[in-house]
Amino acid sequence: MIRNIFIVTLVCATALIVASCGRSTRNEAAECLREAEAAVALGDMEAASSVATKVIGPENLSNLSATELARLSIVYMQIADRTERESSIAQAADLYRRAFASNPDSAAAFYADVNPDLYPYVTMLKTLVGHLDNPYNPEADSLGEIHDDHFPEIADSIH
């Protein structure tokens with residue numbers, strides 16, 4: 001009985017979340033972001049994904065602040081974690097970049113002040129985006145790449 005009530009409540013909440021995000025103004029996009037976060041908190045990744053997809057529409061994405069972009073990146077990381085959708089990780093990384101491009105100080109402040117439960121997502125985003133933006137080049141690490149003009153003291157001891 002209690003389980004059925006919970007399921008009905010969850011279905012109704014999900015329907016309200018999805019139905020309320022059909023609009024495209026800035027305030028409505030921000031509201032949809034809150035609803036996506038609420039759906040994640042309820043464990044309803046399908047609703048969270050549906051609402052988040054509406055938030056990242058072209059008319060909405062350009063209106064979001066750096067903090068909202070950062071929050072949305074965390075929503076996508078949680079969706080990816082619980083559904084194993086690689087496309088959600090790619091979307092999260094894109095949103096992470098956009099947040100820093102929009103306002104680096106606001107983005108950094110948001111990521112530095114997240115709930116400790118979310119630290120692994122922030123760390124993964126930093127690592128992923130860092131590696132995408134600065135891919136590792138093993139050839140550059142080889143000793144054969146040391147040039148005399150960069151390290152004259154080493155060059156003098158070799159010659």
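Worth knowing before you read on, the calculation uses all heavy atoms, side chains too, and leaves out hydrogens, waters and symmetry mates. Just so it is clear, the structure is predicted and the values come from calculations on it, not from any experiment.
Between Tyr111 and Phe100, the ring planes are parallel. Angles under 30° get that label, and only those over 60° would be called perpendicular.
For the pairing with Lys126, the side-chain contact (heavy atoms from CB on, under 4.5 Å) check across Leu128, Val122, Thr123 returns one residue only, Val122.
The line from CZ of Phe110 to CG of Leu69 is 10.5 Å long, rounded to the nearest 0.5 Å. Atom CG of Leu125 sits about 9.0 Å away from atom CG of Leu95, to the nearest 0.5 Å. For the atom pair Ile74 CD1 and Arg71 CZ, the distance stands at 11.0 Å (nearest 0.5 Å). Note: Met45 CE to Ser50 OG = 13.0 Å, rounded to the nearest 0.5 Å. A distance of 8.5 Å separates CZ in Arg98 from CD1 in Ile56, rounded to the nearest 0.5 Å. To the nearest 0.5 Å, the span separating CD on Gln91 from OG on Ser73 amounts to 10.0 Å.
At least one donor-acceptor pair closer than 3.5 Å links the side chain of Arg82 to the backbone N or O of Val40.
Here the shortest heavy-atom pairing between Ser106 and Ala66 reads CB-CB, 4.0 Å. The two residues Ser102 and Ser65 come nearest to each other via the heavy atoms OG-C, 4.5 Å. In terms of heavy atoms, Pro116 sits closest to Pro120 at O-CD, 4.0 Å. Shortest non-hydrogen contact noted between Ala36 and Ala52 is CB-N, 4.3 Å.
Remark: Arg34 does not engage Glu37 in a salt bridge, criterion side-chain N to carboxylate O under 4.0 Å.
With a 4.5 Å cut-off on side-chain heavy atoms, Leu118 and Met77 do not count as touching. In this structure the side chain of Leu64 reaches within 4.5 angstrom of the side chain of Val55, judged on heavy atoms.
With 3.5 Å as the limit, one finds no donor-acceptor pair spanning the side chains of Tyr76 and Ser49.
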